[in-house]
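See below for the structure under consideration.
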Amino acid sequence: MLHALWLFLSLYEPTGKTMIDLHLHSTFSDGSFSPEQIVREAKKANLSAIALTDHDSVSGVALFLKACERESLRGIPGVEISVDYPRGTMHILGYFIDCSSRELNVHIEKLKAGRAARNRDILKKINNLGIPLSMAEVAAFAGEDNVGRLHFAQALVARGYVKTNQEAFDRYLAKGKSGYAERQRLTPRGGVEMILNAGGLASLAHPFTLELSPPELEKQVSELAHAGLQGIEVYYPQHNPNLVKRYLALAQKFNLIATGGTDFHGKPMPDIKIGRGFGSLNVPDSVLTRLEERRK
Ligand SMILES: [Zn+2]
Ligand SMILES: [Zn+2]
């Protein structure tokens, strides 16, 4: 999912010798680059290690790891799990996951089935409003990605029912609107446990999207840490120096590894460059060293 762009630039200064990027999306979720193209971009940007973290999917990981091997780049199998969170958005990153894990794949299949059922509900509601959209029309906007609300919005725009994706959400697709349908997700604890059971390390992605006050965030991080969370995403394009400092303090307090990455999507977020974010992000390779130590 795309997050609102903050205009702040991260002023984090490099301490490692080489740079890494532990948050990347490919065409197997909502990115515009194939796993192979991502690897080539990372090589051009002189990164030493990268993690593919598609939304609720590990289908691109095998291709990604092969491409990393060809380019002599360190590749980390990853995923970004969306969990149920009443307020803002909660995503949990998983690193070093075993993509053949039965539990992980059963969950991903369940999420897929839940998403398909939800899409049918949305379509029915929209059809009941007198809009004759078909699922094939909507799916055409998704490509290899899972069909989601954004693709309904794009179909509504193409049909001329609304002018922009935002208008489609405001009129039909947002929570509480006539075309909205709930979907089933894992609880935050369930998301962390699933990653751990797949042999991975779990890190809380872009904590600001939880939309919590500092004391509320601390309580939430404490609960996740008890569930087995090992990291918190500190270095991120939209994190200003103040947030970096706050999240570093949380990492220290709960013995979490400060992870980081650009949340690179390619064309959907053209201002975000791989490895660099808005230009000054610099995730040191020492982050990876710490993750590897925690794996042992
Ligand atoms: Zn995310
Ligand atoms: Zn992401």
Side-chain angles (χ1 to χ4, degrees), residues 10 12-24 38-39 42-43 45-54 58 61-62 64-65 68-69 71-81 91-101 103-104 188-189 191-207 217-218 220-236 239 243-264 274-277 281-296:
S10 168
Y12 182 72
E13 290 302 323
T15 54
K17 280 199 172 70
T18 57
M19 286 194 312
I20 63 173
D21 193 336
L22 301 181
H23 195 156
L24 304 165
I38 287 181
V39 172
K43 191 83 191 173
N46 267 327
L47 302 183
S48 63
I50 48 177
L52 185 68
T53 54
D54 276 315
V58 291
V61 169
F64 169 77
L65 292 179
C68 283
E69 215 181 289
E71 300 281 352
S72 316
L73 224 149
R74 183 78 206 282
I76 294 117
V79 69
E80 184 173 26
I81 301 287
H91 290 167
I92 300 175
L93 293 157
Y95 295 120
F96 298 109
I97 43 161
D98 169 10
C99 294
S100 66
S101 150
E103 188 183 337
L104 178 71
R189 174 179 277 270
V192 169
E193 286 171 353
M194 187 179 81
I195 291 166
L196 301 190
N197 291 342
L201 297 170
S203 179
L204 178 65
H206 39 68
L217 180 64
E218 182 165 333
Q220 180 63 75
V221 169
S222 161
E223 283 173 19
L224 290 172
H226 279 102
L229 189 82
Q230 295 108 332
I232 179 168
E233 194 169 48
V234 170
Y235 311 115
Y236 189 80
H239 290 174
L243 280 186
V244 170
K245 215 168 113 190
R246 259 180 54 201
Y247 298 157
L248 274 176
L250 278 177
Q252 203 164 21
K253 182 155 186 180
F254 296 102
N255 190 27
L256 302 171
I257 298 161
T259 67
T262 58
D263 214 351
F264 177 75
I274 199 164
R276 284 309 221 164
L281 193 78
N282 194 343
V283 182
D285 52 10
S286 53
V287 169
L288 184 59
T289 312
R290 265 177 240 132
L291 283 171
E292 282 173 328
E293 278 166 9
R294 193 67 71 95
R295 276 183 84 195
K296 286 169 195 160

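The structure presented is a predicted model; accordingly, all values stated were derived computationally and were not measured.
Between Val58 and Leu104 the shortest side-chain heavy-atom distance falls below 4.5 Å. Annotation: side chain of His91 is not in contact with side chain of Leu204 (no heavy-atom distance under 4.5 Å). Between Leu250 and Leu256 the shortest side-chain heavy-atom distance does not fall below 4.5 Å. The shortest side-chain heavy-atom distance between Ile232 and Phe254 does not fall under the 4.5 Å cut-off. Here the side chains of Pro207 and Leu217 are in contact, with some heavy-atom distance below 4.5 Å. The side-chain heavy atoms of Ile257 and Ser203, taken from C-beta on, include no pair separated by under 4.5 Å. A heavy-atom distance below 4.5 Å is found between the side chains of Leu65 and Pro77. Side-chain contact between Ile50 and Leu73 is present, with heavy atoms from C-beta onward closer than 4.5 Å.
Nearest approach of Val234 to Ala258, heavy atoms of both residues: CG2-CB, 3.5 Å. The two residues Pro284 and Ile20 come nearest to each other via the heavy atoms O-CD1, 3.5 Å. Here the shortest heavy-atom pairing between Ala227 and Val192 reads O-CG1, 3.6 Å. Shown here for Leu224 and Pro188, the closest heavy-atom pair between the two residues is CD2-CB, 3.8 Å. The minimum heavy-atom distance between Ser48 and Thr18, with the atom names listed, is OG-OG1, 2.8 Å. Across all their heavy atoms, Leu281 and Gly277 have their closest contact at CB-N, 4.1 Å.
The structure places CE of Met194 at 8.0 Å from CD1 of Ile97, a figure rounded to the nearest 0.5 Å. To the nearest 0.5 angstrom, Ile38 atom CD1 is 16.0 Å from Lys43 atom NZ. Expressed to the nearest 0.5 Å, how far NE2 of His23 lies from CG of Leu52 amounts to 10.0 Å. Distance check, rounded to the nearest 0.5 Å: CG of Leu93 to CG of Leu229 gives 10.0 Å. Note that CD1 of Ile92 and OG1 of Thr53 are 13.5 Å apart. Values are rounded to the nearest 0.5 Å.
Scanning for salt bridge (charged side-chain N to carboxylate O under 4.0 Å, His left out) contacts around Glu103 gives an empty result, with sequence neighbours left out. Every residue meeting the ring pair (Phe, Tyr, Trp, His ring centres under 6.0 Å) condition with Tyr247, not counting sequence neighbours, appears here in chain and number order: His239. Listed by chain and number, the residues in a salt bridge (charged side-chain N to carboxylate O under 4.0 Å, His left out) with Arg74 are Glu292 (sequence neighbours excluded). With sequence neighbours left out, the ring pair (Phe, Tyr, Trp, His ring centres under 6.0 Å) criterion links Tyr95 to no other residue. With sequence neighbours left out, the salt bridge (charged side-chain N to carboxylate O under 4.0 Å, His left out) criterion links Glu69 to no other residue. Every residue two or more places apart in sequence or in another chain was checked for a salt bridge (charged side-chain N to carboxylate O under 4.0 Å, His left out) with Lys245, and none qualifies.
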What's the verdict on side-chain contact (heavy atoms from CB on, under 4.5 Å) for Leu288 and Ile76, showing C-alpha distance, side-chain angles and the deciding distance?
-> CA-CA 10 Å; Leu288 184 59; Ile76 294 117; 3.5 Å; yes
Kindly determine whether Leu291 and Arg294 satisfy side-chain contact (heavy atoms from CB on, under 4.5 Å), including the steps that lead there.
-> CA-CA 5 Å; Leu291 283 171; Arg294 193 67 71 95; 5.7 Å; no
Given Glu233 and Val283, is the side-chain contact (heavy atoms from CB on, under 4.5 Å) satisfied, shown in steps?
-> CA-CA 11 Å; Glu233 194 169 48; Val283 182; over 6 Å; no
Start with the C-alpha distance between Gln230 and Leu196, add both sets of side-chain angles, then the distance that settles side-chain contact (heavy atoms from CB on, under 4.5 Å), and finish with yes or no.
-> CA-CA 10 Å; Gln230 295 108 332; Leu196 301 190; 3.4 Å; yes
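The only member of His226, Glu218, Gln220 that meets side chain to side chain contact (heavy atoms under 4.5 Å, CB included) when paired with Ser222 is His226.
Not one N or O on the side chain of Glu80 forms a donor-acceptor pair closer than 3.5 Å with the backbone of Asp54. The backbone N or O of Thr262 sits less than 3.5 Å from a side-chain atom of Asp21, completing a donor-acceptor pair.
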